[in-house]
Colleague: 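My structure is below; once you've seen it, I'll send some questions.
Letters A, B, ... mirror the listed sequences (proteins, then strands); counts begin at 1.
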There are 2 protein chains.
Amino acid sequence: MTGDADFDLTTFLPYLLNQAAERLSLEFQQTYKVKYGMLRTEWRVLFHLGRYGEMTAKQICDRAGLHKTKVSRAVTALEKKRFLIRSEMAGDRRHSALALTKSGRAAFEDLCRDAQAFDAQIRASLPDGEAQLLERGLMRLAGLAQD
Amino acid sequence: MTGDADFDLTTFLPYLLNQAAERLSLEFQQTYKVKYGMLRTEWRVLFHLGRYGEMTAKQICDRAGLHKTKVSRAVTALEKKRFLIRSEMAGDRRHSALALTKSGRAAFEDLCRDAQAFDAQIRASLPDGEAQLLERGLMRLAGLAQD
DNA sequence: GCGTATTAGTTGAAAATGTAACTAACAACC
DNA sequence: GGTTGTTAGTTACATTTTCAACTAATACGC
């Protein structure tokens, strides 16, 4: 009849990926949303600064694969929450270095613990060794693999 | 220093999942966006009706895990494009059966071919057997597994 | 140095999403 | 048969995201 009776959504990788990603994101979102009133992009920016240290908005865009307007707004929001400060860079005043404040760092460390616990819980819910496999495959698909 | 130096974003499953999902979705999105000016939710609704046959909005919500307002708007949009028609159900006038029109079906079949090709291409880009593993793991995480 | 191009980042309007309140139809209980 | 509760779906409003235009600073060509 349709000629597509064999093509199921649940085997279409983009769909599967989305369902899984949405499910986990939504769940973890609760943590930073409730605790700190953060949006996903804010959490990502916070994480990048906390994990990889001081950097410019552009560098965050590149590393995180986020659009510059999203980052710009997240930075403004985090600044308003006093989680980060900008400092002009001598030599090139177009961009500024972003760094976490003390409370920004505290929030980062707190959320990191939650994230680690969440991640561990997910991994524990999978059969032995599957998490590793999944991780490898996802890195490839995300374009983060070393190939 | 931070105590979290070992916790890398690239091993945090929700993040990885998101990166991979976004990447693939964005790429495939081009297809239905350019060809038919459809949004992701519209494509999903179209797909459900094409693949599983006539059903109500509620059934689509449940099967696709979409919120009813999203579905409602997607249905309106698809109706405007003349890709589907509603027919009142005798006996219960609260819900109506949704069915693809001829051109709706044609769009579905066309996009299905594209989707299958896209999926095949992704799978081919992965090492032997990895796609299967990935699929299994994702189904579990997405909560679609039979466990 | 001066005009042009590029780059970092911001802003504003339009599109999309999420939340909650709403309408309409049915069900159930008495 | 009327009151109350539930279900399907829509609408209205606030929040987010996206897109395009913009500013400001630097780099380049000559």
Side-chain angles (χ1 to χ4, degrees), chain A residues 18-19 21-23 25-30 32-34 36-45 48-49 54-81 84-99, chain B residues 18-19 21-23 25-27 29-30 32-34 36-46 48-49 54-81 84-99:
Chain A
N18 251 302
Q19 292 292 106
E22 230 160 89
R23 194 176 135 110
S25 287
L26 226 73
E27 211 177 318
F28 184 62
Q29 190 178 35
Q30 292 313 308
Y32 52 77
K33 200 176 177 183
V34 169
Y36 300 103
M38 273 196 249
L39 257 30
R40 181 145 44 158
T41 314
E42 292 170 48
W43 149 243
R44 283 205 195 171
V45 168
H48 270 82
L49 291 174
E54 194 170 307
M55 61 175 94
T56 70
K58 181 58 163 49
Q59 288 174 304
I60 296 178
C61 290
D62 294 342
R63 291 193 80 137
L66 291 168
H67 195 266
K68 58 183 181 170
T69 64
K70 259 179 150 179
V71 171
S72 173
R73 284 173 169 134
V75 166
T76 304
L78 288 173
E79 202 181 15
K80 206 169 288 173
K81 291 189 178 77
L84 68 75
I85 48 162
R86 317 182 200 222
S87 53
E88 272 203 357
M89 286 180 90
D92 192 339
R93 274 177 310 175
R94 273 176 307 184
H95 44 219
S96 42
L98 307 170
Chain B
N18 251 302
Q19 292 293 105
E22 230 161 86
R23 193 177 135 110
S25 286
L26 225 72
E27 210 178 318
Q29 190 179 34
Q30 290 314 306
Y32 53 76
K33 198 175 177 184
V34 170
Y36 301 103
M38 274 196 246
L39 258 31
R40 182 148 48 168
T41 313
E42 292 170 47
W43 148 243
R44 283 207 195 168
V45 169
L46 183 87
H48 271 82
L49 291 173
E54 193 169 307
M55 60 176 92
T56 71
K58 180 59 164 50
Q59 288 174 303
I60 296 178
C61 292
D62 294 342
R63 292 194 78 136
L66 290 168
H67 196 265
K68 57 183 181 170
T69 64
K70 259 179 150 179
V71 170
S72 172
R73 292 198 257 246
V75 166
T76 304
L78 288 173
E79 200 181 18
K80 208 169 288 173
K81 291 191 180 74
L84 69 73
I85 47 164
R86 318 182 198 223
S87 53
E88 272 202 357
M89 287 180 89
D92 192 339
R93 273 174 311 174
R94 273 176 306 182
H95 44 219
S96 43
L98 307 170

Colleague: Please check if the side chain of A:Q30 supplies one atom and the backbone of A:E27 the other of a donor-acceptor pair under 3.5 Å.
Modeller: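 Looks like no, no N/O pair under 3.5 Å.
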Colleague: Which one, D:dC19, D:dT7, D:dG9, comes nearest to the side chain of B:T56?
Modeller: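 Nearest nucleotide to the side chain: D:dG9.
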Colleague: Between B:D92 and B:T41, just flag the one whose closest nucleotide in DNA chain C comes earlier from the 5' side.
Modeller: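 First, find each residue's nearest nucleotide; the 5'-ward one identifies B:T41.
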Colleague: Please classify the nucleic acid contact of A:S96 as base, sugar-phosphate, or nothing, using heavy-atom distances under 4.0 Å.
Modeller: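 The answer is sugar-phosphate, as A:S96 gets under 4.0 Å only of primed atoms, P, OP1 or OP2.
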Colleague: Main chain of A:K68, side chain of A:S72: is a donor-acceptor contact present, judged purely on distance under 3.5 Å?
Modeller: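 No, because the side chain of A:S72 does not come within donor-acceptor range (under 3.5 Å) of the backbone of A:K68.
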Colleague: Just to confirm, is there a sub-4.0 Å distance from OP1 or OP2 of D:dT10 to any side-chain nitrogen or oxygen of B:S72?
Modeller: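 The answer is yes; a side-chain N or O of B:S72 sits under 4.0 Å from OP1 or OP2.
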Colleague: With the side chain counted from C-beta on, respond yes when B:L78 and B:M38 share a heavy-atom pair under 4.5 Å apart, and no when they do not.
Modeller: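 Yes - at least one pair of side-chain heavy atoms lies under 4.5 Å apart.
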Colleague: I need the CG-C1' distance between B:L39 and C:dG18, as an integer number of Å.
Modeller: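 It works out to 15 Å between those atoms.
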Colleague: With nearest nucleotide decided by heavy atoms, which residue, A:R40 or A:T69, maps closer to the 5′ end of DNA chain D?
Modeller: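 The answer here is A:R40.
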Colleague: Looking for any heavy atom pair under 4.0 Å, which part of the strands does B:K58 touch: base, sugar-phosphate only, or nothing?
Modeller: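 Here B:K58 touches the backbone only, sparing every base.
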Colleague: Name the residue closer to the 5' end of DNA chain D, choosing between A:K70 and A:R93 according to the nucleotide with the nearest heavy atom.
Modeller: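 Looking at the nearest nucleotide for each, A:K70 comes out on the 5' side.
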Colleague: Figure out the CG/P separation between B:L26 and C:dA16, and round it to whole Å.
Modeller: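 Atom CG in B:L26 sits about 14 Å away from atom P in C:dA16.
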Colleague: Between C:dT10, C:dT17, D:dT6, which one does the side chain of B:R94 approach most closely?
Modeller: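 Out of C:dT10, C:dT17, D:dT6, the nucleotide with an atom closest to B:R94's side chain is D:dT6.
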Colleague: Pairing donors with acceptors under 3.5 angstrom, does anything connect the side chains of B:S25 and B:R40?
Modeller: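 Present: a donor and an acceptor within the cut-off.
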Colleague: So what does A:R86 hit on the nucleic acid, given a heavy-atom distance under 4.0 Å: a base, only sugar-phosphate, or nothing?
Modeller: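 Here A:R86 touches the backbone only, sparing every base.
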Colleague: For B:H67, report the nucleic acid contact type (base, sugar-phosphate, nothing); a contact means any heavy atom under 4.0 Å.
Modeller: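 If one applies the 4.0 Å heavy-atom cut-off, B:H67 turns out to touch a base.
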Colleague: Output the single nucleotide from C:dG18, C:dT10, D:dG9 whose closest atom is nearest the side chain of A:K68.
Modeller: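 Taking heavy atoms from C-beta onward, the closest nucleotide is C:dT10.
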